[in-house]
Amino acid sequence: MGTERKADAATTRAAWVEAARPRTLPLAASGSVIAAGVAAADGSFRPEVLALMLLVSVMLQVIANFADDYGDLAHGLDDESRVGPKRGLQRGIISPAEMRRALVAACAATLLLGCLLIYVSFSSGPALDAGALPAAAGFLALGIAAIAAAVLYTVGPHPYGYQGLGDFMSFLFFGIVAVVAGSFLHTHAFSAGALAAGVALGLPVAAVMNINNMRDALDDAAKGKRTVANRLYAAGARRGRRLGAGRSPEQIATLIVAAEQGPRAQGGRATGDLDRLTHVSGERAMRLYHAALIYASLALFCVALFLVCGPSLATCLGAAAVCLASTPLFGALSGVVRELDHTKLDRFMAPTSMGTVLIALVWAGACALI
C-alpha cells in the first residue's frame, strides 16, 4: 500500500512537471537576457533586476502552460483525436479544480514578484524625468495585462488563441514587451535598439508556437480552433486547387513535386491527384511562413546589435558570432521545411526553442563585451 501511494505521488509530480513544460521555460527567459544585454551596452545593467525578471518571465510561461492545458480540455480540444502527447489533465491525474487552484496561486505569486521587480527598479537606478510613481503604475498595469494574456489564451468563453491571435500575443509579450519593458527596468529609458531586438526575439517565439499549431492544424480546424497555421493551410490548399484545376494528371504531378521540393525540383515522381496537390500546397504555405519568421529574426538581431552598440569592427564580429550561433536554429528550420507530415513536427520544437535561446545568449554577450 505504501509503495502504491509513493507511485501515485511520483506520477502526480511528473504530471505537474509535464504541465509546466520545462522545455518552454528557457525561451520565455530569453527576453530578460536580451534586455540585460541592452542594459549592459548602456552601462546600466543591474543584476537584481535581471534575477527578478527571469523569475517573472518563467512564471508567466508556467501560467500560460497551465492555462493551455485547462482551456483546451474545457473546450474539448484535448480528446482522443489530439495529435500530441496526452496531458495530465486529459489523463485525469490532475483534476480541473486542482489546475484552477494552481493557476490562481501562480498568478498571485507572479503578481507579487512583479511588484517586487517594479519596486527594485524604480526605488533606485537612473533618474526618471516624469517621476518613478507614474512609471511604476504603468508597469503594474502592464504586468496585470501580461498575466491576463497568459490566462486568456485558451481560458474563458472567447479565448483569443482560438481566433488566430496566439502567435501575435506571444510575439508581443515574450518578444517586444519582454525586451523593451525589460531594458527600461534597467536603464529607465526606451531605445530603438531594444525595440528591434524585441521584434527579432518575438519572431522565433511565434515560430515555436507555429510548430505546435502546425502539428495540430487540421485537428484544430475540425474543432473550430482557428490558428495562423490552419488559416495558412487553408489558403495554400485553395491556391493548390486553383492551380491544379483543369490540368492533366501529369501536369498536376509536376506541380506536386515542385511544391514538395521547391521551384528547382528536377524530375521526381508523384501521382497526379488534385487532392494531393491541394494538401501539399497547404502544408507548404505553413512552412514558408515559418521560414520567413526565422530569416527575418536573424536579420533583425544583426540590425539590433548595430543599433545598440553602434557601427564598429567589434560589432561586425559580434554580428558574425550571432550568425554562427543561429546554426542550430536553421538546422531545425530545415527539418520543419522538409518534413511535410505535420503530425511529426514535435521533434523540432525543442531545437527551435533552444536555438533561439542560444542566439539570445550570444547576442546579449556581444552587447556586454563590445
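One-based numbering along the sequence shown. Below, each value reflects all heavy atoms present in this structure, side chains not excepted, and no hydrogens, waters or symmetry copies.
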Could you check whether any side-chain N or O of [X] sits under 3.5 Å from a backbone N or O of [Y], counting only pairs where one atom can act as donor and the other as acceptor?
X	Y	result
R239	A285	no
T315	P311	no
T187	S183	yes
S248	Q251	yes
S326	C323	yes
N65	Q61	yes
S170	D167	no

Within 6.0 angstrom of R23 CZ, more than 12 heavy atoms from elsewhere:
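Open: at most 12 neighbouring heavy atoms sit under 6.0 Å from CZ of R23.
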Any idea how H188 and F122 line up, ring-wise: parallel (<30°), tilted (30 to 60°), or perpendicular (>60°)?
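Rings of H188 and F122: parallel, under 30°.
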Should the pair Y233 and H342 be assigned to parallel (<30°), tilted (30 to 60°) or perpendicular (>60°) ring geometry?
perpendicular
Among L117, I118, L185, which one satisfies side-chain contact (heavy atoms from CB on, under 4.5 Å) with L52?
L117
Of L277, I252, L274, which meets side-chain contact (heavy atoms from CB on, under 4.5 Å) against R247?
I252
Taking D216 first and then K225, would you say they form a salt bridge - that is, a charged N and a carboxylate O separated by under 4.0 Å?
no
Looking at R226 and D220, is there a salt bridge between them, counting it only when a charged N and a carboxylate O are closer than 4.0 Å?
no
Scan R215, R347, R287, R284 and name whichever one has a salt bridge (charged side-chain N to carboxylate O under 4.0 Å, His left out) with E339.
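Answer after filtering R215, R347, R287, R284: R347.
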